[in-house]
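Numbers for residues simply follow the sequence, beginning at 1.
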Amino acid sequence: MWKELQREPLNHKKKGQGEGEMDIIGLGKPVKDFLITLQKMPPEDQGTWLDDYSSQCGGKVATAIVAAARLGMQTAMCGVVGSDGKGDAIIEDFAYHNVDTTYVIREEGKTSPYCICIAEKESESRRFLADRGTAGNFDEEQLDFDYIKKAKAIHLENGDAASRKAAAFARENHILVSMDADSYTPQIEEMEELCDIFIGSAFYFNQRFQGKVTYKEGLLEIAEKGCSVVIFTQGSKGCVGIAEGEYFELPAYRNVPVVDTTGAGDVFHGAFLSAYLNGFKAEESARFASAVSAIKITKIGGRAGIPDWKMTMHFMDTGKIERENELDERVQYYRRRVL
Ligand SMILES: Nc1ncnc2c1ncn2[C@@H]1O[C@H](COP(=O)(O)OP(=O)(O)OP(=O)(O)O)[C@@H](O)[C@H]1O
Ligand SMILES: [Mg+2]
């Protein structure tokens with residue numbers, strides 16, 4: 001089946017689109033990440049050696065947008081960072097991955113969000129130590145609707161006024177609205193009605209339904225609000241979804257060495273949207289996204305291990321990661337960067 005679907009991502013410019021046209025615009029909070037991997041957290045008052053460290057960037061939508069860019073999509077990010085060095089690093093990293101930063105706004109005198117992410121190999125678990133930063137959120141007044149109008153999809157992580165307004169505008173203009181429901185808030189629950197593609201984490205499912213329904217019932221309840229695709233990701237267990245009334249379950253790709261699962265969920269979203277916009281059906285897009293996430297987790301951080309389109313297809317066909325040296329070069333690049 002995959003052979004039939006195997007093709008290059010669309011090159012929209014060649015397909016007659018005008019200069020500056022977009023596939024996906026993200027709206028969310030970009031973060032500066034510092035990542036550590038170690039075998040096991042030391043007990044209190046003791047130390048241990050790091051396996052590795054890496055100076056990357058993160059944020060749910062931000063990393064999804066980077067994943068889509070690496071998969072060949074034309075992407076842009078809307079978000080706010082501070083005027084500090086972390087803000088510089090965040091913008092530089094978007095540029096490194098070919099993401100348009102016209103609407104990454106810098107707030108003078110403010111600091112950018114910062115997160116120290118610790119991945120423990122023994123338990124395959126993660127810990128996050130975060131500083132919110134003093135930079136604010138993207139304001140609804142800052143939305144440029146002429147710019148959004150160029151996109152085929154927008155990707156959101158929040159239920160704030162700007163996200164609601166962007167979603168409502170996108171729907172009116174036949175632009176797909178995609179949501180990363182990672183953590184639960186009542187505002188994100190309200191977004192269920194405004195989205196076409198609603199992909200939530202197991203955490204969101206548990207908070208939202210409090211153990212009262214099965215996954216299938218939960219998916220149906222959200223789909224009935226008008227979402228054409230609803231998916232819940234379940235970490236190493238894979239994902240379940242419902243699309244155009246059809247229920248599906250997909251296992252995760254477990255044939256990879258797990259180095260760091262940070263950002264596995266984030267890139268799943270970017271990869272799903274990339275495949276979906278390239279004409280894959282929802283279940284096939286979710287399988288493609290699972291493959292992208294699986295390759296990503298073989299390298300430290302949310303971004304170093306993101307594969308390109310061909311690498312992903314090859315992995316789905318053979319279970320092997322080709323041109324792994326390209327990902328390792330990126331690991332080295334992020335290791336050399338200033339903290
Ligand atoms: N240990 C793993 N092995 C293989 N695949 C994994 C693993 N962890 C995650 N994945 C893949 O990534 C997808 C998304 O992961 P997950 O459900 O953990 O996202 P999440 O809860 O949103 O977490 P986060 O956003 O913090 O990365 C899963 O559906 C699965 O396909
Ligand atoms: Mg997530």
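- Of all non-hydrogen atoms in Ile25 and Cys78, the two that sit nearest each other are CG2-SG, 3.7 Å.
- A donor and an acceptor atom, one from each side chain of Asp51 and Gln39, are located under 3.5 Å apart.
- For the pair Ile231 and Phe248, the minimum side-chain heavy-atom distance is below 4.5 Å.
- In this structure, Glu329 does not pair ionically with Arg323, as no charged nitrogen and carboxylate oxygen lie closer than 4.0 Å.
- Summarising the local packing, CG of Asn98 is surrounded by 12 or fewer heavy atoms from other residues, nucleotides or ligands at distances under 6.0 Å.
- Between Lys32 and Asp84 there is no salt bridge, since no side-chain nitrogen of the basic residue lies less than 4.0 Å from a carboxylate oxygen of the acidic one.
- Taking each heavy atom of Ile295 and Met311 in turn, the nearest pair found is CD1-O, 4.2 Å.
- The closest side-chain heavy-atom distance from Leu176 to Leu277 is below 4.5 Å.
- Ring centroids of Tyr147 and Tyr103 are separated by less than 6.0 Å, placing the two rings close together.
- Salt bridge Arg164/Glu140: absent, no basic N to carboxylate O contact under 4.0 Å.
- Taking a 6.0 Å sphere around CD of Glu246, one finds it holds 12 or fewer heavy atoms contributed by other residues, nucleotides or ligands.
- Applying the side-chain hydrogen bond (donor to acceptor under 3.5 Å, both in side chains) definition to pairs two or more places apart or across chains, those involving residues 225-236 are Glu192-Lys225.
- No side-chain donor from either of Arg330 and Tyr334 sits under 3.5 Å from a side-chain acceptor of the other.
- Ring centroids of Phe280 and Tyr276 are separated by 6.0 Å or more, keeping the two rings apart.
- Classified by interplanar angle (parallel below 30°, tilted 30° to 60°, perpendicular above 60°), the ring pair Tyr184/Tyr204 is tilted.
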